[in-house]
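Report on the structure given below.
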Number of protein chains: 2
Amino acid sequence: MRSYNRSVARLSFRQKVLRDREDAIVASVNRLLAAKGFDLMTVDEVAADVGIAKASLYKHFASKEALAAAAMVRVLEIALQLVAALQADASLDAFDRLKAVTRWALQTQLAGEMPSLPAQNSTLRNALMADRGYVDRLIELSDRLGEWISAAQASGRLSRALPPEVVLYTLFARACDPVPGVLRAGGSYEDEQLIEWVLATCFDGLATR
Amino acid sequence: MRSYNRSVARLSFRQKVLRDREDAIVASVNRLLAAKGFDLMTVDEVAADVGIAKASLYKHFASKEALAAAAMVRVLEIALQLVAALQADASLDAFDRLKAVTRWALQTQLAGEMPSLPAQNSTLRNALMADRGYVDRLIELSDRLGEWISAAQASGRLSRALPPEVVLYTLFARACDPVPGVLRAGGSYEDEQLIEWVLATCFDGLATR
DNA sequence: GTCTATAAGAGGATAGAC
DNA sequence: GTCTATCCTCTTATAGAC
């Protein structure tokens, strides 16, 4: 009995250590993806950043694509948690929620924590689409946002002239938009100000209201 | 005298052939950049697409970065011609002109002729910034658009709440926006319709007017 | 599961003949 | 200036000892 407990304890301890290590790996991948993108990020870099040998990395993740997928799952998970929190806030309507999640995406991007994947790399795309964890969460998030989009259109705050699909893809695209980063590189503005401007261009447009 | 003329004629003929070949190279680079992006485009591919040996390519262009720069110069040149044409059209005001050039960018992108370069690749960025032909045209285009932006703000059609810089970068970003391509991949809409929607999200925003 | 060492191959760039 | 053949570096991935 006692040895059983100890074995269980040791097992879960080891599992915890492993999980922590994998978390560290995914966190590194996340930062590197945000900083350099998938093509320029090398597995050597990831290993060096985590502080382990490259071969050890491959014991945890089968390929570079799997690393990227894990990073995407992580950020999707965070997004889904935010979405749940916003859903629970009764003081917000659907439009406010869409704006809030977009603001979070911009903040995350400026913080260097939004992994950006090239839409063009078909090898990566295929790997992601074959990854159940990624696809399921992406669909889940799309569904949740889709509900908000429909509700916001019904309430009249979001333009009814645009198909929900167009709105959804536009919001996803803003999460990886280069504009905030370029503006920050210009150096003239505070991050908060800059995010409000980008949010304004997104929801209110460039034309005068 | 005669031999002088003949020699001149032959020289300019050869120069024309060379220039045609370089045009063909740049056109290939342009398409490949639009289709795969800089990192995934290989020099071997370019050579195969043009139908010459890779070593011959390097007689015309010193590096892969130089190829990309040439493609960017080409598209900037086309953009500048369009800008001049729009400037000459007295029936348009500054706001209309900005919208027209944005529409052209979206059409060009959907036609697979808008080379897209990663903002993250510093090697490429350095090479571009060291290229006078590229930088001069980029500044020229930015100045022209900047004038329109100021004018459109003065006339009240373009939002005065946004710094001209923010508007300019937003327009540049729309030229490489993934949204049109993703929407087309969805397959449900005509290109024209799709472009109008993206234009609407850009100038009028997602919110109801 | 971690390491060192290395395989295997892609891709940018060049040598040298013509 | 065009070609073939090759160099060389970088990068993904794995072998095999511990």
Side-chain angles (χ1 to χ4, degrees), chain A residues 10-26 28-29 32-33 35-71 117-118 120-128, chain B residues 10-26 28-29 32-33 35-71 117-118 120-128 130-131:
Chain A
R10 195 189 294 157
L11 190 65
S12 73
F13 175 75
R14 282 197 179 166
Q15 282 181 339
K16 185 179 183 313
V17 169
L18 268 199
R19 195 172 150 181
D20 284 351
R21 170 139 294 179
E22 292 192 355
D23 284 348
I25 294 172
V26 176
S28 277
V29 171
L32 288 170
L33 278 183
K36 326 186 58 174
F38 182 77
D39 295 322
L40 267 56
M41 178 188 83
T42 70
V43 178
D44 292 82
E45 260 175 333
V46 176
D49 195 53
V50 178
I52 63 178
K54 183 164 55 169
S56 304
L57 250 189
Y58 278 98
K59 295 286 180 179
H60 293 276
F61 297 92
S63 66
K64 185 183 178 183
E65 284 76 18
L67 285 173
L117 301 184
Q120 301 154 324
N121 188 330
S122 61
T123 304
L124 175 59
R125 220 188 123 71
N126 292 338
L128 286 177
Chain B
R10 198 189 292 157
L11 190 65
S12 76
F13 174 74
R14 280 199 181 166
Q15 282 180 339
K16 185 180 182 311
V17 168
L18 267 201
R19 194 173 151 180
D20 284 351
R21 170 139 292 180
E22 291 192 357
D23 283 348
I25 293 172
V26 176
S28 277
V29 171
L32 288 169
L33 277 183
K36 326 184 61 173
F38 182 77
D39 295 322
L40 267 56
M41 178 188 82
T42 69
V43 179
D44 292 83
E45 257 175 337
V46 177
D49 195 53
V50 179
I52 62 177
K54 183 163 56 168
S56 304
L57 250 191
Y58 278 97
K59 295 287 181 180
H60 293 276
F61 298 92
S63 66
K64 185 183 176 183
E65 284 75 19
L67 285 172
L117 301 183
Q120 301 156 325
N121 189 331
S122 59
T123 304
L124 174 60
R125 220 189 123 71
N126 293 337
L128 286 177
D131 185 313

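Values below: all heavy atoms of this structure, side chains included; hydrogens, waters and symmetry mates excluded. Just so it is clear: chains get the letters A, B, ... in the order the sequence lines come, proteins before strands, and each one is counted from 1. Since this is a predicted model, take the numbers as computed values, not measurements.
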[X] [atom1] to [N] [atom2], straight-line distance once rounded to whole Å:
X	N	atom1	atom2	result
A/H60	D/dT12	NE2	P	18 Å
B/E22	D/dT2	CD	C1'	14 Å
A/L18	C/dG1	CG	C1'	8 Å
A/F61	C/dT2	CZ	C1'	16 Å

**Request:** Would you mind building the protein contact string for nucleotides 3-14 of chain C? One character per nucleotide, 5' to 3', B for base within reach (heavy atoms under 4.0 Å), S for sugar-phosphate only, - for untouched.
**Result:** BB------SBBB
**Item:** Non-hydrogen side-chain atoms of A/R125 and A/L117 separated by less than 4.5 Å
**Value:**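 Result no, sub-4.5 Å side-chain heavy-atom pair not found.
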**Request:** Could you tell me whether the side chain of B/L67 reaches within less than 4.5 Å of the side chain of B/H60, counting heavy atoms only?
**Result:**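 With C-beta onward as the side chain, the pair stays apart.
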**Message:** Which heavy atom of B/F38 sits nearest to which heavy atom of B/E65, and what is that distance?
**Reply:** CZ-OE2, 3.7 Å
**Asked** So A/I25 and A/I52, side chain to side chain contact (heavy atoms under 4.5 Å, CB included) or not? Walk me through it.
**Response** CA-CA 9 Å; A/I25 294 172; A/I52 63 178; 4.2 Å; yes
**Residue list, salt bridge (Lys or Arg N to Asp or Glu O under 4.0 Å) with B/K36, at least two apart or on another chain** = B/E45
**Request:** Without swapping roles, check the side chain of A/S63 against the backbone of A/A66 for a donor-acceptor pair under 3.5 Å.
**Result:** yes
